[in-house]
Structure formats: C-alpha cells, structure tokens
Amino acid sequence: MRVLVVEDEPELATRVAAALGDAGFAVDIAADGERADYLVRTEPYDAAVLDLGLPRRDGISLLHAWRERGITLPVLILTARSRWTEKEAGFGAGADDYLTKPFEMGEVVLRMKALVRRSHNVASPEIVCGALRLDTHSGRALLEGEVLDLTAQEWRLLGYLAHHSGQIVSRSELREHVWERDLDPDSNVIDVVVARLRRKIGRERIETLRGRGYRLVATGE
Ligand code: CA
C-alpha cells in the first residue's frame with residue numbers, strides 16, 4: 001500500500017513517514033499544498049495523511065477539490081489544535097478520520113491501516129456466523145439481512161458467543177465476560193437471556209451442551 005504524507009514541518013513529516021514505512025507502507029511526502037495536489041492527481045495512493053495548515057494551499061481546500069473531482073482516496077487529517085471547528089470543516093470537506101497534534105506515531109499507523117482496510121472492504125469489524133451477522137462497530141446484529149431488535153444484554157451475550165462461534169462457552173465465562181461483577185451466581189438471568197435470544201435468532205443457533213455451556217453454531221449459510 002502506498003500513502004502520501006502531506007506535512008510542512010520537516011521533522012514531523014519524516015517521523016510520520018518513517019513510522020508508516022516501518023509498518024509496511026510505501027510513503028511519499030509533500031511539504032506544501034500544491035505539491036500534494038499534483039501528487040494525488042498523478043499517483044495512485046491508497047491513503048493520505050493531510051495536515052490542514054499548509055503553505056501554498058490549505059488542507060481543507062485541497063480535500064474539497066479532491067472530493068469534487070471524485071477522488072475517493074481515504075484521508076486522515078491532522079489538526080494542530082483540538083478545535084472542533086477544524087475537525088468539523090475537515091469532515092465537511094470529506095475527511096475519513098482525524099488526529100490532533102501532538103499524537104503518537106503508533107496511532108497514525110493504526111488509523112491508516114484501518115482506513116486502507118475499510119477502503120478495500122477487508123477485515124471489516126463484522127462477524128459472520130451462518131445467516132447471522134454482527135457488526136461490532138455499529139452494534140447491530142442482522143439475521144438473513146434483517147436487523148434484529150436486541151436488548152443490551154442480548155447483544156453482549158450474542159456478541160460474546162459470536163466471538164467464540166463454534167466453541168463451547170461455559171456459563172461462568174458468560175457470567176464473567178457478559179455481566180457486571182455483581183451478578184448473583186444463582187441468578188437465572190443467563191437462561192432467561194439465552195431463551196429470549198433463541199426466540200429472536202432461532203433455537204437451533206444456540207446449542208446447549210449439558211454441564212458444559214453454550215455454543216453458537218453457523219446455520220443458514
Ligand atoms: Ca502545518
């Protein structure tokens with residue numbers, strides 16, 4: 001993956017480029033707005049880091065121009081201050097994400113990876129188990145394409161099972177990972193929530209293994 005770092009502070013540009021390079025990106029640097037515009041129009045970047053305060057042409061106007069031209073390049077903007085108006089302007093112009101200076105180099109890398117992944121529809125935060133899909137980012141569950149109306153407890157339990165789909169999850173594990181610490185061990189809340197979930201997603205999707213726990217199974221693929 002090839003990325004462009006648009007940043008006029010040479011030391012910062014070098015550090016960002018080095019961090020992205022270490023993470024496996026091919027990196028070009030543009031130190032002013034006109035250069036960035038030229039490179040983006042002529043080179044096939046997979047993503048860009050864009051500082052907003054730039055010589056010759058500011059980041060917001062660049063981003064506007066790219067989006068108007070139909071350039072869908074994922075863009076992470078860098079804002080010098082944690083000012084809401086700057087972020088708002090950035091998103092309004094078509095930014096995909098932002099970071100406020102100063103920031104950790106590791107965070108630029110993580111965010112750029114995520115932007116690139118998303119733009120390629122790879123490794124989305126979606127868990128698929130047969131006809132059941134859980135979007136862990138938006139917090140929605142779908143069965144055969146229909147959004148399920150789940151309570152918070154149902155969502156957490158289903159999410160936990162889905163993260164371990166095909167595996168047996170014990171009741172004590174559910175108690176520890178799905179409920180708050182103070183859940184009474186004798187409470188029947190797990191059975192109640194499992195029963196409610198089964199009514200919503202189909203009995204056959206949550207197996208009971210007597211004395212061992214539950215297992216989410218993939219059916220209806
Ligand atoms: Ca700057």
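In what follows, residues are counted from 1 in the order of the sequence shown. Both backbone and side-chain heavy atoms feed into the values below; hydrogens, waters and symmetry mates do not. Note that ligands are numbered from 1 as they come in the structure, with each ligand's atoms numbered from 1 the same way.
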Query raised in the report: Counting only heavy atoms not in D149, do more than 12 fall under 6.0 Å of its CG?
Result: no
Report task. Test side-chain hydrogen bond (donor to acceptor under 3.5 Å, both in side chains) on T208 and R203 and set out the steps. Result -> CA-CA 10 Å; T208 300; R203 269 206 83 71; 5.7 Å; no
Requested in this report: Report the residues that fulfil side chain to side chain contact (heavy atoms under 4.5 Å, CB included) with S170, sequence neighbours left out, ordered by chain and then residue number.
Outcome: S172, E173
**Report entry** Listed partners of R171 passing side chain to side chain contact (heavy atoms under 4.5 Å, CB included), at least two apart
**Finding:** I190, D191, Y214
Report task. Could you pull out the N/O/S protein atoms under 3.0 Å of the Ca ion (ligand 1), ignoring any water? Result -> D8 OD1, D51 OD2, G53 O
Query raised in the report: Is a salt bridge present between K101 and E9, judged by a nitrogen-to-oxygen distance below 4.0 Å?
Result: yes
Report summary line: Sorted by chain and number, sequence neighbours left out, side chain to side chain contact (heavy atoms under 4.5 Å, CB included) with D37 holds for R41, R57, L62, W66
